[in-house]
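Worth saying up front: this structure is predicted, and the values here are computed from it rather than measured.
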Number of protein chains: 4
Amino acid sequence: MDELEIDDLAAVELDDPVLVEGLPGVGHVGTLAAEHLLEELDEECTLVRRVYSQEFPPQVSIEDGVSELTCAELHAVSPADGRDLLVLTGDHQAQTNKGHYQLTSAFLDLAEEFGVNEVFALGGVPTGELIEEYAVVGAVSDELMLERFEDAGVEFRENEPAGGIVGVSGLLLGLGERRGFETACLMGETSGYLVDPKSARAVLECLEALLEFDLEYDSLDERAEDMEDVMGKIQEMEQQQQQQQMDVPTDDDLRYIG
Amino acid sequence: MDELEIDDLAAVELDDPVLVEGLPGVGHVGTLAAEHLLEELDEECTLVRRVYSQEFPPQVSIEDGVSELTCAELHAVSPADGRDLLVLTGDHQAQTNKGHYQLTSAFLDLAEEFGVNEVFALGGVPTGELIEEYAVVGAVSDELMLERFEDAGVEFRENEPAGGIVGVSGLLLGLGERRGFETACLMGETSGYLVDPKSARAVLECLEALLEFDLEYDSLDERAEDMEDVMGKIQEMEQQQQQQQMDVPTDDDLRYIG
Amino acid sequence: MDELEIDDLAAVELDDPVLVEGLPGVGHVGTLAAEHLLEELDEECTLVRRVYSQEFPPQVSIEDGVSELTCAELHAVSPADGRDLLVLTGDHQAQTNKGHYQLTSAFLDLAEEFGVNEVFALGGVPTGELIEEYAVVGAVSDELMLERFEDAGVEFRENEPAGGIVGVSGLLLGLGERRGFETACLMGETSGYLVDPKSARAVLECLEALLEFDLEYDSLDERAEDMEDVMGKIQEMEQQQQQQQMDVPTDDDLRYIG
Amino acid sequence: MDELEIDDLAAVELDDPVLVEGLPGVGHVGTLAAEHLLEELDEECTLVRRVYSQEFPPQVSIEDGVSELTCAELHAVSPADGRDLLVLTGDHQAQTNKGHYQLTSAFLDLAEEFGVNEVFALGGVPTGELIEEYAVVGAVSDELMLERFEDAGVEFRENEPAGGIVGVSGLLLGLGERRGFETACLMGETSGYLVDPKSARAVLECLEALLEFDLEYDSLDERAEDMEDVMGKIQEMEQQQQQQQMDVPTDDDLRYIG
């Protein structure tokens, strides 16, 4: 295999499409958002490219006994309402620093091929605490873009994210800007400890405002409820354990009684 | 040395051979199985290629004072009964992600050279517990292959192995499929804590059914018994230690007696 | 993106300039010093090159919502008094061993392009203890340089730094010498635990003597005072905690009282 | 800088020289032995090559304030008695797996250039315990060599070293054999915890028998005595500490007295 191989699976014409990236990261927010988008727009959506790379882990996933080599997928989406999309998803990021540069360059080459001028990278930003109100924090490659995204509900903060943005999302901003793309990164706040469908919904709601289409959220909300059930059970178990520990007489208690 | 060097040690014609891979992995199941195969079919077996690579660790093994550079070996086997085999063994996997891609590509090049259409990757799948009944879990590169392997006793499960398959075995599925090989991975269940000759036997029994040859298992069974003796002694020692710990009066006991 | 990309932002003629390097390292001494130099000589200073490289982390920094791709920057400085400078700064070092070699070579290429013969690498040397008197320890690529730097207050010690000098500063000495540059590394002593503006001032004072210009230190001194306030508060908190721990009666105390 | 740069410092004709390698490793045995050899044969010895490589750490060493870029050095030695030598020393091994292959290949190229047919790699083999009698364990690239080395006092053992030999020493055997060199590795037993001049002497004594020259060991023995003084002081301090711990009444003692 070459360092990079791209399978051309379908020829689709798109009209001024936006590249929407949702690769794995904090809280799986980007992946959840991009995959929900593909599910909801299922009928307007075509798998157009698969990208294989020696920068991905040397790994196959197995479903019902059948293997699939690690890759990134590009779907062309032409929704009834709203702008055309090119959606980039996958199960893995590159495994080295150079790999991030090389894969992002390849993704931008493909974007160019489909006539993309604008790139939206979706992801999460960790807060370290459980979230009540899910804000979406933004970063853009050009300050002229700020107002448009603020109008869509994206917040821009003085020094956030403090550590910058790493990986493909970061380089879509950095390399994208150098190649003339207008890139925005939309990061849903998330605790950082859990897969977070609510944060993914917050990001998608900004996307709806920006791209003028409408999504249903039933399946994503269900997944959020499942997560909350799991969370609730974990907390319950922890409380019971604490209770039991408090009930057990300790060495010191026994001495006191004696 | 070049990045990859292949020594051509013998010219052997094979009739529609299967590539059987047994490189190091969980429980050494693949290595044990492939090496037992070579031992049992010793007389029908020729060492045809050695593969040296900068992706292997920079290391020699020493036997009776004489060094041998780390490599992978390819034996051609023409059993009296059953299909011809090309058996791939070695003491090491590649040491980097890219190395796994590059070595697997080289192995598939060699397979092509010998007219291989079908690849069987042998390995283990860790269960985390001691095994009573050794099932063999499978993965195939094409769902059309499922039935044939199920008939040979291989089990296919909905989401197993959950983390996919990593390394040369995984890429023989993934890269093999892209190059038109039919690849199956046969993984003997194994605790994951020990070298496991019984799991290797379970894998080889599936192979017998698939390739229609017969193997003796005396030496492998002996090795399994040796392992069990070792295990037994370890357990005995642990029990004795626990017993001793129970016999020793603790600080608390002493206080009570006092 | 290519492995290395250099943006040419301005054409500036310099007269026998010195390359002054201040990339991140121990105590951020080099970065603080080089950035203070650029701040103080703000009006005589032009950004001439940006260096992008796949050896830098795959990362953008975000300021007020706008991204900037990781790079190193080269400023041309023509002070009213003293020699011309070419100042190299950046937020990151290379991420691999080879990357250090490749980036340092690129920096020396640029230095050559601007007619540089002399290179001053600024940094810190960790002492493991809080510093009262900030000495500046030196290393040079040619022993003929020793006297001139000693006259400027730089100390040369028999076996220091014991572990040599690693990264771009080290290679500016090592590769620089092989290419005919005269390189000196000026390392301010610093505890190694904290960002250290006082150590940066000590380094800059040597630089003033060497290059015959004058700097103001108000902003750097303010930063040093801020650091000391922070330090003071941390020490106070630690003392209070220790006091509290001494006041709390321990298990043994209670037994005694009983 | 290129990936590899070799400085040609002197032209020396050698008569059937042996390459003697002493790069850093367990107990610094190889380095100590090779450096002692160069010291003792100081007057018959010329520095002929320096090898610089991006595979070495990006580092300079500093002596009396002057930097020297990390490299490996090759000295030509024509002793009054005994065979000519080409001695390979340096402060560092390669930093990656591939680097070991590439540097070893470069060293063998240089050996070829000087007409070398035979390679002796010097090193240590860790035993995990303090050594009384320093045996030298061997490995050779060709079993025909065994007898000659046994006659010189080198021991060959069934499965030692169990983990094989890693790094340049291992590859001088492995790659050397593939290129037609006769390579032996001479490994002095050493605890593995300390720099071990006595083990280096044991290795050199085998070398004397093999190459028919005579060495003085005064400086190496002195260094061994220094090490023993250090060892003695460490043991004394440990015993004092244990004694003090035994003298301090513990919690339990106090309770008993009470």
- Message: Would you say that D:V125 contacts D:V26 through its side chain, given a criterion of any heavy-atom pair below 4.5 Å between the two side chains?
- Response: no
- So the ring pair (Phe, Tyr, Trp, His ring centres under 6.0 Å) pairs with at least one residue in residues 145-186 of chain D (sequence neighbours excluded) are D:F120-D:F149
- So what's closer than 4.5 Å to chain B heavy atoms on D:L146: side chain, backbone, both or neither? side chain
- Indicate the atoms forming the closest heavy-atom contact of D:L85 with D:L14, along with that distance. O-CD1, 3.7 Å
- Item | Proximity breakdown for B:Y52 and chain D, heavy-atom pairs closer than 4.5 Å | side chain
- Query: So which part of B:T96 gets closer than 4.5 Å to some heavy atom of chain D, the side chain, the backbone, both or neither?
  - Reply: neither
- Task: Output all residues satisfying ring pair (Phe, Tyr, Trp, His ring centres under 6.0 Å) with D:F107, sequence neighbours left out; order by chain, then residue number.
- Result: none
- Heavy atoms only, distances under 4.5 angstrom: which of D:I165, D:T183, D:L173 has the most pairs with chain B? Name it, please. D:I165
- Query: Which answer fits D:E155, side chain, backbone, both or neither, if we ask what part of it has an atom under 4.5 Å from a heavy atom of chain B?
  - Reply: neither
- Salt bridge present between B:E3 and D:K98 (N-O < 4.0 angstrom): yes
- Message: Report which part of D:E177 has an atom under 4.5 Å of a heavy atom belonging to chain B: side chain, backbone, both, or neither.
- Response: neither
